[in-house]
A.B. asks: 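Pasting in a structure now, in structure tokens, and then I'll have a few things to ask.
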There are 2 protein chains.
Amino acid sequence: MKTWTRGQLAALTGCNGETIRYYETIGLLPEPLRAGNGYRQYEKHHVERLYFIRRARDLGFGIDDIRALLTPMDAGTIACGEIEKIARNQLDLIRAKIRDLQRMKQELHTLVQSCQGGSAPHCAIIDALSDGQFS
Amino acid sequence: MKTWTRGQLAALTGCNGETIRYYETIGLLPEPLRAGNGYRQYEKHHVERLYFIRRARDLGFGIDDIRALLTPMDAGTIACGEIEKIARNQLDLIRAKIRDLQRMKQELHTLVQSCQGGSAPHCAIIDALSDGQFS
DNA sequence: CTTGATCCTGTAGTAACTACAGGAGCGATG
DNA sequence: CATCGCTCCTGTAGTTACTACAGGATCAAG
């Protein structure tokens with residue numbers, strides 16, 4: 001049966017090798033068997049699980065959320081409603097972050113537009129930040 | 001001359017009291033004089049500086065950026081071009097974050113839409129995360 | 001004079017990694 | 001067989017920007 005080393009798993013999934021070790025210490029990825037020299041021997045299910053974790057991370061899910069997704073999977077007791085709740089919650093968080101960043105973008109854009117550039121000793125950006133005359 | 005305690009400064013600026021202490025230890029806010037009992041006595045310039053810092057933080061500037069904004073201010077050698085560069089850079093960072101979050105939002109939205117909810121043991125969200133058949 | 005709020009210091013915890021330091025093993029080359 | 005460079009091992013410390021105590025002193029009010 002084919003196994004993978006840590007570096008191979010890292011290359012395969014695009015996940016940093018140190019991060020893999022980190023996922024093991026926090027119990028997100030089960031510890032693999034070891035070869036005679038102490039090297040980790042990852043199996044197919046490790047690869048799949050790490051893919052899952054990375055995809056969830058790419059969608060912004062936190063470690064605790066991922067744990068909450070994986071636990072029922074491991075137990076074979078998936079309740080679609082629970083999963084949906086976690087996903088909706090994540091979606092809400094992301095929408096809130098976007099709103100926040102868009103406010104920042106607006107204000108920053110205004111600030112940058114007000115700047116004449118060059119080596120003028122009087123800067124509109126600094127003035128705005130100092131006086132609180134924006135937003 | 002009026003001075004403020006840490007708690008008063010916190011209430012005034014909306015900045016957590018512990019955070020004020022933190023800004024002092026990292027040298028962002030100069031250490032104030034102390035009263036006989038050891039209590040900090042903040043002056044007007046502290047209040048103004050903390051306002052500046054908080055406004056910059058609200059726009060997403062990092063501590064190092066803020067330092068880069070404050071240093072020339074302290075030295076009285078403001079070069080508008082440098083300031084503009086920092087601000088434009090921050091604007092770019094924010095735009096990139098927004099793009100990233102919007103991608104996540106899209107994918108998550110699709111996922112959530114695909115879910116039927118309820119206690120179905122078969123969950124479309126889990127499937128999508130497991131198979132990598134999205135994005 | 002007691003009580004509760006605020007202040008002080010120093011340290012540790014948060015999220016999710018990332019980066020060493022110090023050592024051992026592996027594969028290829030001479 | 002020795003050596004070189006890469007990968008692997010462990011454990012620990014650093015990153016960002018705070019936040020949260022613990023343990024003690026001080027202040028203001030009643």
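The sequence lines fix the lettering, A, B, ..., with proteins before strands; numbering per chain opens at 1.
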A.B. asks: In whole angstrom, give the distance that lies between atom CD1 of I53(A) and atom P of dA16(C).
C.D. replies: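 Going from CD1 in I53(A) over to P in dA16(C) covers 12 Å.
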
A.B. asks: Need one value for R54(A): base, sugar-phosphate or nothing, where a base atom within 4.0 Å counts as base even if backbone is also close, heavy atoms only.
C.D. replies: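 R54(A): backbone/sugar contact only, no base atoms under 4.0 Å.
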
A.B. asks: For a quick test of reading the model: is some side-chain N or O of R21(A) closer than 4.0 Å to OP1 or OP2 of dT18(C)?
C.D. replies: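 Checking R21(A) against dT18(C): no side-chain N or O falls below 4.0 Å of OP1 or OP2.
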
A.B. asks: Using atom CG of N16(B) as one end and atom P of dG13(C) as the other, report the distance to the nearest whole Å.
C.D. replies: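 Spelled out: CG on N16(B) to P on dG13(C) is 19 Å.
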
A.B. asks: side-chain contact (heavy atoms from CB on, under 4.5 Å), that's the test. Do R6(B) and E18(B) meet it? Break it down for me.
C.D. replies: CA-CA 9 Å; R6(B) 183 156 61 100; E18(B) 298 281 26; 4.0 Å; yes

A.B. asks: Please determine whether a side-chain nitrogen of the Lys or Arg among R49(A) and D74(A) lies less than 4.0 Å from a carboxylate oxygen of the Asp or Glu.
C.D. replies: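 Salt bridge present between R49(A) and D74(A).
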
A.B. asks: Rounded to whole angstroms, how far apart are CZ on R40(B) and C1' on dC27(D)?
C.D. replies: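 So the two atoms are 17 Å apart, to the nearest Å.
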
A.B. asks: Rounded to the Å, how far apart are R34(A) CZ and dC9(D) C1'?
C.D. replies: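 Spelled out: CZ on R34(A) to C1' on dC9(D) is 8 Å.
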
A.B. asks: Would you indicate which nucleotide in dC18(D), dC17(C), dC21(D) comes nearest to any side-chain atom of I63(A)?
C.D. replies: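 In terms of side-chain proximity for I63(A), the closest of dC18(D), dC17(C), dC21(D) is dC17(C).
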
A.B. asks: In terms of the nearest nucleotide of DNA chain D, which residue is placed more toward the 5' end: N37(B) or D64(B)?
C.D. replies: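 With N37(B) and D64(B) compared, the 5'-side residue is D64(B).
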
A.B. asks: Between the side-chain atoms of E18(B) and the base atoms of dC21(D), is any donor-acceptor pair under 3.5 Å?
C.D. replies: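 Counting by modelled atom types and ignoring angles, a donor-acceptor contact under 3.5 Å is found here.
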
A.B. asks: Nearest whole Å is fine: how far is dC9(D) C1' from Y22(A) OH?
C.D. replies: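 Between C1' of dC9(D) and OH of Y22(A): 20 Å.
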
A.B. asks: Grab the CD-P distance between Q41(A) and dG25(C) for me, whole Å please.
C.D. replies: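 Taking CD of Q41(A) and P of dG25(C), I get 16 Å after rounding.
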
A.B. asks: Look at all strands and tell whether G62(A) reaches a base, only sugar-phosphate, or nothing, counting heavy atoms closer than 4.0 Å.
C.D. replies: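 Contact class for G62(A): sugar-phosphate only.
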
A.B. asks: What is the distance, to the nearest angstrom, from the CZ atom on F61(A) to the C1' atom on dC17(C)?
C.D. replies: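 From F61(A) CZ to dC17(C) C1': 19 Å.
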
A.B. asks: Any side-chain N or O of T19(A) under 4.0 Å from OP1/OP2 of dC17(C)?
C.D. replies: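 It does not, given that no N or O in the side chain of T19(A) lies less than 4.0 Å from OP1 or OP2 of dC17(C).
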
A.B. asks: Starting from P on dC17(C), measure out to CD1 on I66(A) and report it in whole angstrom.
C.D. replies: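 Answer to the nearest Å: 8 Å.
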
A.B. asks: Measuring from the side chain of Y39(B) (C-beta onward, heavy atoms only), which nucleotide among dG25(C), dT26(D), dT10(D) has the closest atom?
C.D. replies: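 In terms of side-chain proximity for Y39(B), the closest of dG25(C), dT26(D), dT10(D) is dT26(D).
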
A.B. asks: Do any N or O atoms from the side chain of R40(A) and from the backbone of E31(A) form a donor-acceptor pair under 3.5 angstrom?
C.D. replies: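 A pair under 3.5 Å: no.
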
A.B. asks: Is the shortest distance from a Lys or Arg side-chain nitrogen in R21(A) or E24(A) to a carboxylate oxygen in the other one below 4.0 Å?
C.D. replies: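 Between E24(A) and R21(A) there is no salt bridge, as every charged N stays at least 4.0 Å from the carboxylate O atoms.
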
A.B. asks: Using atom types as modelled and distance alone, determine if a side-chain donor or acceptor of Q90(B) lies under 3.5 Å from a backbone N or O of L108(A).
C.D. replies: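 A pair under 3.5 Å: no.
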
